[in-house]
Amino acid sequence: MNRNKHLLLWSSVGVFILLVMAAANENLGREWRQIQGTARSTEGAPEGAMDVHLRQVINPGLNISDRCVSCHVGMAPGEQGITGDRVLAAHKAVVHQPAEFGCTVCHGGQGRATDKADAHGDVHFWPQPMIPIKYAYAGCGTCHTPLKVPNSGILEKARGVFERLDCLACHRVDGRGATIRPGGGGLEGPDLSSAGFKGFDSGWYEKHLKQSGEAQNGPWKASFGAISEEDRGALTTYLSTRVGSSKLVEAKAAFNSSGCLGCHKVSGVGGDAGPDLSRAGEKDPGILDFTHVPGSRTFALWLGEHFRSPAAIVPGSAMPMMGLTENQIDLLTMYVLSLRRRELPGAYLPKDRVQVLRFGAREFSTDGATIFSAICSGCHGADGKGRRYAGS
Amino acid sequence: MTVKAGEPKSRLDPEPIARRDFLGMSSLIAMAGTLLFSVLGMLRLPKAAVLSSPSKKFSVKLPEALSAGEAFVPPGRAVALFRDGEGVFAISTICTHLGCVVKPMPDGFECPCHGSRFGVDGAVSRGPAPRALDWLKVSSKGDSWVVDEEKKVPPGTKEKA
Amino acid sequence: MSTPVIEKNQAMQVFKDNLRAAPRRLLDATFRSGKPNTDRKRSTFVFSNLFLHLHSVRTHRWTLKWSTTAGLGIATTAAFLITLVTGVLLMFYYKPYPDVAYDSIKDIHFVVPTGRFIRNIHRWAANVMVVAVILHMARVFYTAAYRKPREFNWLIGMGLFVITLGLSFTGYLLPWDQLAYWAITIGANIAQSPREVTDALGITDWFDPGGFQRLLLLGSDVVGVEALIRFYLLHIMLLPLALAALMGVHFWRIRKDGGMVRPADADSRLEPRSSEEIYPVFTDAPAKTYQLAAIVRGKTSAVGRGPENTLPSMPHLFYAELAVLMLTTLICVGLSLISDAPLKELANPAVPENPAKAPWYFLGLQEMVAFSAVMGGIGIPSLVIIGLGLIPFLDREEAGTGEWFGGTGGWPLVRKSIFVGLASAILIEAFVIRFGWIREWFPHVPQLVITLINPGTLLTLIYGLYSVWLVRRYNSTRAGAMGLFTVFLCGFVVLTIIGTYFRGPNWVFYWSPADWPKH
């Protein structure tokens, strides 16, 4: 009987020890507890705020339960954040309040998770890891699709016109400009960063001209003059593409310059030779072959390497080596990452997506040059003189 | 030996069913029968009269540039549509082995679950699949095609546009 | 009858006394026989307790030897109790609805206090239970404990084995991840596999038992919300109830069949009792003989001394049972801390998991299913179940009952059978992996031929012939049964290991998962 008593004793002691370990791990060892503990003791932490508990953003409409704010506690609803800290800082001012929209809608990752690796999604069996912060604006593609984006050349030219005419003197765009602040009247034009999405007065030029003509002196008189029709067209192009995420627009312009649509489809437009790219940004890194991709196993790196040499990454791929510059690769990576979708309730469906989904709007500018560079240039070359790829 | 009327029967004669026993037996049989009947009723419950899955008949538009031998799989459906010189035909992509979804390849179909392979016409070329992939009924309707996943047709049946 | 008269000012004092005595009286009321400090009170302690009275009041010393049962039955019960407790806890949060189910498992994993731990324990206890039930069955077989009068309990035990596997299988779908979805798709199609035969005969249109089974299981023609609800119902209610009921019968029959099996000469083989095991027996000896009162069988009444070589179950047996219970708990909890229960991607009906693997104890079946669905999934398992059920009715010998590897042949035969079982399974697998099977050589061979002649049926045939040969060679059914059980166990192990470790995408053989191709 003593053998059994010993067995019972030591088994019970063993179970007890294991339970204590589990309890310690659960109640003390979790990352978010330690991070919130740090937050409380950090200098400058608001008094009484940031008590240690799990936090989350819930939005049943978008079907999110984002617990990211358990570590990024400065972004939690009602918290102020600690300036200067990478993890604990408040979110920068954005159109979509994190307290309403949560985190994963834009950034990807696993909202329900409470451990860093799981939450950032760099784990097995979570198909939607976070979009690398470098390509953060690709997240806009989850709901939005920038319309009226021309190719890079046209976009660059339009930006050049906007800057040459010094519109930035009075207007703020993408965080730049509006530097003239006369002491008296306080003249400052509206922020144009989202003009393309919100819409703008098509009669702005006449109004500007009139106001300039009426002014006796000051900035209106000094800084506004007549603009040629060609330049006004460029300005319209530029304004139409100001949809709040200039980087994504730039990326899309690069896509529209590379002839990808000659072989690939996006939202129903494009060729059949390659795979449909409408949701290519959602690819699960877990099922990709990373044997020839140096560095960490992220989809972005895979994409970059794939653009450099498609057949080396996907054996048997018919896609030619495009001979892209590193900057172009970066932009195309960003654009492909933005090709993602999410089930959205009607109330959250943005109007640019509605126009594409319901009213058949094209996803890109429909001027001849853009159509040629977006579709035809892949085979016929940017100048229409044909193109030969290495090895073909 | 003759038995006079009214004479008590021998102990060896078979005993007629006593009224009491008859009543007992019939009551038990009645109960058993009723319970059995109710069980039969209950057994019908697990199979709904209409299944909740979406309609097995659907119409689809084929892409213009579908070349012969190239499969077109309508999103959300386990059917591969083909078009060649002889017409349009549909092959079910549900493996006949254990119901996994087979993948159309240039040289036929491949099942990821237990490695069955099928030729371009759906015939088994290797693996445990017991029979060829089903060919499904396709009919032309205007510029689109109606596929009926429940109606099988003999392999080789192609529908002219 | 007289009511004690309480003096007026004593009432308060009595109240205080009663209050003080309440805990002791509660104890007395619960265990009416009082402290189990004599053998008689120990007996009363057992049989006057609803939960303990399934035990006999005295236990043979042979039963208490560790080598007799290795505690495997109790371990299985313990694992079941653990899954029961953790399962009920999980039900607080689990929502049986597609997609929502997956989210609720994520919540259990990430934000429910102790949720991850509890789920891990549930999963590990389920695995431990399957292992324990298989080992328990092997123990009963190898000690020939299924023999008369225990045939019926062997059948009950087989029922429990099947229900245990059913519980495991139904629990597999509930997380609603890719693993679950595709394992259940395959499982449901195995239920449908009689079509392989009906199709070949061309009678599926009017006789389709396979299709009916699948529909009954899934409630629809796809794995969807109906299937999830049905599996949930089976998992949390029907199967546990059936299991608990059969367990009750199983335990009760152990007593009715005379307790644990032991060799006829068990008494003489036991060491003399140590002094600590000697208890005063029947200190206040009963005045009547039990035999006269027709309570016990036997030629003489046993008055004033206990039956030979038994010990009071309280506490000897209970220490053993509690020890196994805690040891099982230790194993489950330890494993839970080492490894988390898996949860893959959300179920996606359009993209099959590749490879789609069932729980490990079904991978042997899946290996056979990869040859022929109906044979591997239904034919051979049914044959095995029927064969197991027949064992106690075919082996009517008596030699070796209660001995490990008892009976004709003994351990040398088992050792030989292990070799035969492993070798034939590995050779057949190696052949198939290297050279393929009939379909690869003659693509147009009728399906019925492959259904009948495939590696699974071939292996079964070899095993069957080997067993028949043993019966003739040793002139003993027990020898045949022992050989058959051993080779099937070995076949199960080989196929399970191959299915678990050496099968990759498209069910192709790989030496290691590192060689798997990426898509």
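Below, chains carry the letters A, B, ... as their sequence lines are ordered, and counting in each starts from 1.
In the displayed structure, A:His53 atom NE2 is contacted under 6.0 Å by more than 12 heavy atoms of other residues, nucleotides or ligands. Atom OH of C:Tyr93 has 12 or fewer neighbouring heavy atoms from other residues, nucleotides or ligands inside a 6.0 Å radius.
When heavy atoms are compared at a cutoff of 4.5 Å, C:Leu317 does not approach chain A at all. Neither the backbone nor the side chain of A:Gln56 comes within contact range of chain C, judged by heavy atoms closer than 4.5 Å. Using a 4.5 Å cut-off between heavy atoms, C:Leu322 touches chain A through backbone and side chain atoms alike. When heavy atoms are compared at a cutoff of 4.5 Å, A:Leu54 approaches chain C solely by way of its side chain, counted from C-beta outward. Using a 4.5 Å cut-off between heavy atoms, C:Pro342 makes no contact with chain A at all. Using a 4.5 Å cut-off between heavy atoms, A:Asp284 touches chain C through its side chain atoms alone.
Using a 4.5 Å cut-off on side-chain heavy atoms (C-beta onward), C:Leu330 and A:Trp10 make no contact. A 4.5 Å side-chain heavy-atom check between A:Arg67 and C:Asp107 finds at least one atom pair inside the cut-off. Put simply, the side chain of C:Asp177 does not reach to within 4.5 Å of the side chain of A:Phe125, judged on heavy atoms.
Residues of residues 94-105 of chain C that come closer than 4.5 Å to chain A, counting heavy atoms only, are C:Tyr102, C:Asp103, ordered by residue number. Scanning residues 304-319 of chain A against chain C with a 4.5 Å heavy-atom cutoff picks out nothing at all.
When all heavy atoms of C:Val112 and A:Glu26 are compared, the closest pair comes out as O-OE2, 4.1 Å. The two atoms that bring C:Phe110 and A:Arg112 nearest to each other are CB-O, 3.3 Å, heavy atoms only. Residue C:Ala323 comes nearest to A:Ser11 through the heavy atom pair O-OG, 4.1 Å, listed as atom of the first residue, atom of the second, then distance.
Applying side-chain contact (heavy atoms from CB on, under 4.5 Å) to C:Leu327 and the options A:Val15, A:Leu8, A:Leu7 leaves one that passes, A:Leu7.
Options C:Glu321, C:Gln178, C:Arg116 differ in how many heavy-atom pairs under 4.5 Å they form with chain A, and the most are formed by C:Arg116. Listed options A:Ser65, A:Gly14, A:Ala22 were ranked by heavy-atom pairs under 4.5 angstrom with chain C; first place goes to A:Ala22. Across C:Thr114, C:Val324, C:Leu64, the residue that shares the most heavy-atom pairs under 4.5 angstrom with chain A is C:Thr114.
A distance of 11.5 Å separates CD1 of C:Ile331 from CG of A:Leu18, quoted to the nearest 0.5 Å. For the atom pair C:Thr329 OG1 and A:Leu19 CG, the distance stands at 9.5 Å (nearest 0.5 Å). The line from CG of A:Leu9 to OH of C:Tyr319 is 10.0 Å long, rounded to the nearest 0.5 Å.
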